2 protein chains.
Amino acid sequence: MANDDSPERARSAARPAREPLSRDHIIDAAIASVDERGLPALTMRSLGQRLGVEAMSLYRYVNGREDLLEGMVGRLVQELRVDPRGDEHFPTDGWQAYLQSLAVGARRLAHAHPSLFPLIATRHPSAPWLRPPLRSLEVVEDFLVALISRGLSDESAVAAYRAFSSFLLGHLLLEVATLGASTAPVEETLDEGDAEVPDNDLPLSDFPQTQRLQPLLEADHADAEFELALEHLLDRLDALVSQ
Amino acid sequence: MANDDSPERARSAARPAREPLSRDHIIDAAIASVDERGLPALTMRSLGQRLGVEAMSLYRYVNGREDLLEGMVGRLVQELRVDPRGDEHFPTDGWQAYLQSLAVGARRLAHAHPSLFPLIATRHPSAPWLRPPLRSLEVVEDFLVALISRGLSDESAVAAYRAFSSFLLGHLLLEVATLGASTAPVEETLDEGDAEVPDNDLPLSDFPQTQRLQPLLEADHADAEFELALEHLLDRLDALVSQ
DNA sequence: ACCTGAACACCGTTCAAGT
DNA sequence: ACCTGAACACCGTTCAAGT
């Protein structure tokens, strides 16, 4: 409620405004940077600049670039947590409802951070049984608690974790990859240089079926496709559970 | 049939043996390098060294590092081609058999190049309707021809392409990611520096369900899981086709 | 025609030194 | 305690120059 003109604020604004450095703050800035400018543009130096600091200062809070990336992935994955006891939108309706809410959350995350989702998908998990994109102990624990408390057996819950991970990874990475093609930071269309790059852009007419079906192939059913595949997965799990 | 002691061979071996440079040869070497030493170790300079040449020479054949990566992905994806007319192992048995052979081929590719598969999975496809990992015109054309010639409608064939891509991507990337954890080039375990990295390795005992189910979670069923999920996908497509 | 030396701009990272 | 200047080793890439 402090007035913007309060002396404290005015004084601190005298030198370039900058919040105190911290690991959390650095990770926030890094995520924002990648969202805005893509992963290759994230540099220790550029990140320092964004924070009003020299690059070397970051090393007090972050063990190098790799550790920074790990921190970013960790932070994003935490956003996947859904109260396993259910909330106002998805009460304790059954495990299907829980998986549904987790799925839409993961999809929202992927869409919100298309340049970062590949990182979540491909960086080596810290334990071999932590499967992307549900790659944190907290998220896995929530998952297991939610399903077991809703009546699934241990084996079913673990099988569901496996199947659900693959499902999310495949669908969301695919959405993000094709979506990324248009969203990607516009790398100025470099005009081919003079290397003898093979004419990889063969005329589409050499591929008659592909050409003929192009309208079908181009149609974007991402939403419906995701919903449908999720329903099928739930059906499959349902068969597994009640057998 | 030439004898190893033939004068030609002896003479060419006088200076450091090196095959003539070419785009194909460079791409081969790059793939071998990544398979052996991981992606980060692939450098224009290191690649030049492996080819007995200075880094700058590569630029005559390759439009920079990005183009090189694209070339590598392109080459690998071509290995996915399966004769759509069937071969001795999988004659014209029906579209299920074709998809099965394509699936095992893709899985073999992923296992043969675990460090490269993430590249196939995440690089932006050149056309929005080319979906990883089946991201080349040749492979897609084969796919469509195979399925349509086996009786599928246009719509079913395209729907199958979509579902099949997601399936492969999810399962194979997941296998490779967890597998990669153990296979990855042993980055000497850097001991944490002195940055205030949060104690992310919480004791597993804070996650009782996860801890209790760890044996189940750790069990590696990759083979069976893949087979089973593939069967379910084929069933699902079968229902779609014959409706 | 094919390769290289030299150079440029830009990385990640370390460490002694500043405040 | 927190940040920085200076430096190091290493990138990708260009281009004039060599053979």
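A note on names: the letters A, B, ... follow the listed sequences, proteins ahead of strands, and every chain is numbered from 1. The shown structure was predicted, so the numbers you read here are calculated from the model rather than taken from an experiment. Worth knowing before you read on, the calculation uses all heavy atoms, side chains too, and leaves out hydrogens, waters and symmetry mates.
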Point to revise | pair A:E141-A:S136: side-chain heavy atoms closer than 4.5 Å | key: no
Check your understanding: When the ring planes of B:F164 and B:F143 are compared, do they come out parallel, tilted or perpendicular, using 30° and 60° as the limits?
Key -> tilted
Exercise for review: Could you check how far CD of A:E54 sits from P of D:dA7, rounded to whole Å?
Suggested key: 15 Å
Point to revise | Qualifying residue, where the test is side chain to side chain contact (heavy atoms under 4.5 Å, CB included) with A:M72 and the options are A:I26, A:D28, A:V77, A:L42 | key: A:L42
Check your understanding: How would nucleotides 11-19 of chain C be written as a contact map, 5' to 3', with B for base contact, S for sugar-phosphate-only contact and - for no contact, using protein heavy atoms under 4.0 Å?
Key -> BBBB-----
Revision key, fill the gap. B:L51 atom CG is separated from C:dC3 atom P, nearest whole Å, by 10 Å
Exercise for review: Could you please spell out the steps behind the side-chain hydrogen bond (donor to acceptor under 3.5 Å, both in side chains) verdict for A:H111 and A:E175?
Suggested key: CA-CA 8 Å; A:H111 286 176; A:E175 278 195 50; 2.7 Å; yes
Practice item. Establish, with yes or no, whether the OP1 or OP2 oxygen of C:dC2 is under 4.0 angstrom from a side-chain nitrogen or oxygen of B:S57. Key: no
Revision key, fill the gap. pair_partner(D:dC8), Watson-Crick or wobble, both distances < 3.5 Å, evaluates to C:dG12
Exercise for review: Identify the nucleotide, in any strand shown, that forms a Watson-Crick or G-U wobble pair with C:dG18, with both distances under 3.5 Å; if there is none, say none.
Suggested key: D:dC2
Exercise for review: Drop me the distance from B:L80's CG to B:D142's CG, to the nearest 0.5 angstrom.
Suggested key: 10.5 Å
Exercise for review: Please report, rounded to the nearest Å, how far the C1' atom of D:dC2 is from the NE2 atom of A:H25.
Suggested key: 15 Å
Check your understanding: Any idea how A:F226 and A:H171 line up, ring-wise: parallel (<30°), tilted (30 to 60°), or perpendicular (>60°)?
Key -> perpendicular
